[in-house]
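Structure, as structure tokens:
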Protein chains: 2
Amino acid sequence: MDGGVIKRSPVTSSQVAEHAGVSQSAVSRTFTPGASISPKTRAKVLAAAKELGYRPNAIARSLITNRSRIIAVVMAYLENLFYPDVLEELGRRLAAENYHVLLFTGFKDRDSDPVFDQLMQYRVDGIILASTSLSSELSEECTVAGIPVVLFNRTTERNETSSVTTRNREGGRLLGQFLLAGGHRSFGYIAGLENSSTNRDRFTGFRSALAEAGIHDIVVRTGNYSRAEAETAAREIFALEERPEALFVANDHMAVAVMDVARYEFGLRIPEDLSIVGYDDVGPARWQSYGITSVTQPISAMVEATVDILMDQIESGEIEARHKIIPGELVVRSSARLPGTGIVEIDGRRIYRPEGGS
Amino acid sequence: MDGGVIKRSPVTSSQVAEHAGVSQSAVSRTFTPGASISPKTRAKVLAAAKELGYRPNAIARSLITNRSRIIAVVMAYLENLFYPDVLEELGRRLAAENYHVLLFTGFKDRDSDPVFDQLMQYRVDGIILASTSLSSELSEECTVAGIPVVLFNRTTERNETSSVTTRNREGGRLLGQFLLAGGHRSFGYIAGLENSSTNRDRFTGFRSALAEAGIHDIVVRTGNYSRAEAETAAREIFALEERPEALFVANDHMAVAVMDVARYEFGLRIPEDLSIVGYDDVGPARWQSYGITSVTQPISAMVEATVDILMDQIESGEIEARHKIIPGELVVRSSARLPGTGIVEIDGRRIYRPEGGS
DNA sequence: TCATTGGTTGCATACGTATGCAAAGTGGAA
DNA sequence: TTCCACTTTGCATACGTATGCAACCAATGA
């Protein structure tokens with residue numbers, strides 16, 4: 001009711017030092033694990049600090065240690081629940097290592113250069129790129145600057161930047177085999193972002209599986225990993241004279257939309273009239289309304305690998321591109337017709353493992 | 001292939017100054033909008049900066065300006081898509097003001113005190129609390145420290161902290177009126193977090209609407225805004241001898257789960273056997289599989305208000321608790337039986353506006 | 001007792017930038 | 001030309017912390 005409070009400047013280590021009757025160094029050492037400080041003065045300092053409400057200034061500390069303990073996470077959009085899940089896990093794992101997340105989100109992909117500029121100004125200790133590619137000049141610049149970068153769920157053509165991915169090629173292949181084993185003979189593919197490595201690899205694997213069975217015609221439309229565009233693509237495919245019996249949608253986020261269009265706009269029964277498979281095994285894929293047969297991308301393992309790479313490179317100061325590839329599994333649910341064999345139950349989930357499979 | 005690169009220290013303003021043949025001050029002024037600098041030296045500095053790959057060190061700048069241009073966003077969990085949507089919009093809006101997001105997520109609610117400690121060490125310019133409450137000591141501490149705090153979609157008992165919310169009481173009330181107008185006579189409520197203001201207000205409004213119609217019995221179970229718990233709560237309610245005809249689920253995130261349980265575990269038809277209404281108007285509520293009748297929480301307006309409050313308080317240095325309440329609307333879809341009157345169409349959406357409504 | 005050792009402490013400085021102040025430069029008017 | 005007003009520049013310092021170095025202290029052994 002008194003209409004605002006005048007800003008009081010925060011307590012500094014010198015003030016604590018004076019209050020405790022010691023030097024500023026002693027205060028600093030009190031808050032530096034492993035520093036040389038006697039229990040007695042330490043106690044004095046802690047008491048004074050508590051009394052004054054002192055908190056070390058991480059900004060000032062960064063300036064001198066050259067470590068901000070901040071990791072930049074770049075995630076252009078969060079529409080696909082896969083990414084928020086990743087973000088949550090990243091927050092958890094990085095907090096455990098006493099690092100913090102500076103998040104860059106909500107921008108158009110083509111605006112990533114200014115974003116990059118901002119992020120570099122904060123002298124972050126590492127960068128996780130989860131939904132944007134990086135021009136190779138920028139990647140180069142990071143390497144020269146000694147900032148580790150990890151591409152999450154993405155790779156680049158040249159392999160100069162570290163990455164964590166799953167076996168997208170094998171996953172696509174497995175889905176192809178699964179649909180073939182289910183007896184399907186005509187196929188469609190709703191693609192993700194055209195220039196993304198996940199899209200390319202998943203499709204390549206899928207196509208190769210079909211090719212081995214002598215099938216070369218695949219109806220392809222592009223959904224760009226966007227819900228709205230996936231709906232449009234689905235409408236186009238379902239309106240075709242010869243609608244494919246089986247559809248691989250490049251990720252679950254789009255697959256959910258496609259299922260809705262199939263059921264509610266075209267009256268198709270799934271899987272009787274149409275089999276749909278997806279990728280990611282994200283939340284809604286597991287919901288009973290959808291029950292999407294999908295290849296998992298194990299978020300926990302992927303995030304763990306990402307953080308491991310970053311921590312290693314930050315500690316060693318040596319930046320050598322590492323590429324971690326994590327295996328996924330084909331989880332069988334109800335959105336696609338079942339093959340006669342190859343389904344095993346593990347930990348309450350049904351997994352597809354064909355005999356000749358890798 | 002050469003096995004790592006030695007970390008090169010970043011370019012400093014002094015190095016640029018030397019290279020350009022000017023003083024360090026000149027470099028600083030070149031990158032400070034509105035500073036006194038001639039076009040000629042400015043050009044020289046920019047050229048040198050570009051050549052050396054110089055970027056101002058935001059950390060060092062913060063130290064002297066006492067402004068980090070960082071806003072802490074605390075969002076314990078992102079499971080409910082509402083929050084990722086908010087996060088994306090926050091990223092966008094704050095980036096436009098040249099602020100950045102330090103995200104705290106992936107922790108248990110009871111661990112919020114250490115989180116708070118971390119966040120204070122970075123001398124953030126403001127704090128947005130989107131899924132955690134703040135003990136009143138901590139709130140007090142922020143005020144004294146001159147750090148603006150905004151509670152997003154939450155209020156506290158005492159109104160000492162700024163907040164942005166929607167008219168939860170009115171929303172709950174409107175949903176009650178809607179269900180009554182639809183002819184229902186028995187009601188259930190699946191609650192959110194017991195101690196959250198949203199849950200309390202929505203239920204209070206709902207109950208008051210029913211009370212005015214002489215209905216005082218409401219079957220209540222608690223879902224704590226969690227999908228899993230909501231499923232359990234739904235199973236309990238649907239197994240009752242006298243299952244309510246209409247169910248208000250405290251948010252859409254839970255409502256989606258409840259609909260799945262109703263349909264696929266109990267074989268209930270919606271809305272023929274059971275009407276369900278939710279809150280938030282979040283993504284899945286709009287999907288055709290669900291089509292949840294729901295009260296909107298307009299994310300864009302809420303985020304705008306939040307950022308406005310923060311910017312005001314940061315600029316003025318005066319922290320006076322402000323409470324912004326944003327109106328929502330009842331969007332009518334297919335998850336609940338329709339009343340005979342009161343539905344109007346606006347911008348392609350069907351909105352419920354009863355005659356006597358506020 | 002003194003010398004030695006190992007642990008503590010304070011002093012002084014460095015990190016990279018912003019900014020008040022005074023000096024220097026510029027241009028115009030008389 | 002001289003004077004004045006205004007702009008531009010550099011110097012010096014400050015921000016809050018960490019840390020090398022030297023001084024100091026306590027405890028131990030001879």
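Residue numbering restarts at 1 for every chain, and letters A, B, ... go by the order of the sequence lines. All values reported here derive from a predicted model rather than from experimental measurement.
- Relative to the axis of its first five pairs, the axis of the last five pairs of the helix from C/dT1-D/dA30 to C/dA30-D/dT1 sits at 50°, rounded to 10 degrees.
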Check: residues 113-120 of chain B side-chain donor-acceptor pairs under 3.5 Å, at least two apart:
from: B/Asp117; atom 1: OD1; to: A/Arg55; atom 2: NH1; distance (Å): 2.4
from: B/Gln118; atom 1: OE1; to: A/His100; atom 2: NE2; distance (Å): 2.6

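- Atoms CZ (B/Arg42) and P (D/dT9) sit 12 Å apart, rounded to a whole Å.
- Scanning for side-chain hydrogen bond (donor to acceptor under 3.5 Å, both in side chains) contacts around B/Ser163 gives B/His323, with sequence neighbours left out.
- The side chain of A/Ser38 places an N or O atom within less than 4.0 Å of a non-bridging phosphate oxygen (OP1 or OP2) of C/dT9.
- Between the side chains of A/Ser28 and A/Ser25, no donor N or O sits under 3.5 Å from an acceptor N or O.
- Taking B/Arg93 as the reference, B/Glu89, B/Ser300, B/Val303, B/Glu304, B/Val307 meet the side chain to side chain contact (heavy atoms under 4.5 Å, CB included) condition, with sequence neighbours excluded.
- Shown here are the side chain to side chain contact (heavy atoms under 4.5 Å, CB included) partners of B/Ser13, two or more places apart in sequence or in another chain: B/Gln24, B/Val27, B/Tyr54.
- Across all strands, A/Ile59 comes closer than 4.0 Å to no nucleic acid atom at all (heavy-atom distances).
- Backbone-only contact: A/Thr41 has heavy atoms under 4.0 Å from sugar-phosphate atoms and none from a base.
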Write out a two-atom table: protein N or O, nucleotide N or O from nucleotides 10-17 of chain C, distance below 3.5 Å.
from: C/dG10; atom 1: OP2; to: A/Ser23; atom 2: N; distance (Å): 3.1
from: C/dG10; atom 1: OP2; to: A/Ser23; atom 2: OG; distance (Å): 2.9
from: C/dG10; atom 1: N7; to: A/Arg29; atom 2: NH2; distance (Å): 2.7
from: C/dG10; atom 1: O6; to: A/Arg29; atom 2: NH2; distance (Å): 2.8
from: C/dC11; atom 1: N4; to: A/Ser25; atom 2: OG; distance (Å): 2.7
from: C/dT17; atom 1: OP1; to: B/Tyr54; atom 2: OH; distance (Å): 2.9
from: C/dT17; atom 1: OP1; to: B/Asn57; atom 2: N; distance (Å): 3.0
from: C/dT17; atom 1: OP2; to: B/Ser13; atom 2: N; distance (Å): 2.4
from: C/dT17; atom 1: OP2; to: B/Ser13; atom 2: OG; distance (Å): 2.8

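- Annotation: salt bridge (charged side-chain N to carboxylate O under 4.0 Å, His left out) contacts involving residues 306-317 of chain B, sequence neighbours excluded, comprise B/Asp312-B/Arg322.
- For A/Thr105, the side chain to side chain contact (heavy atoms under 4.5 Å, CB included) partners are A/Leu78, A/Leu103, B/Glu88, not counting sequence neighbours.
- For the side chain to side chain contact (heavy atoms under 4.5 Å, CB included) test, no residue two or more places apart in sequence or in another chain qualifies with A/Ala95.
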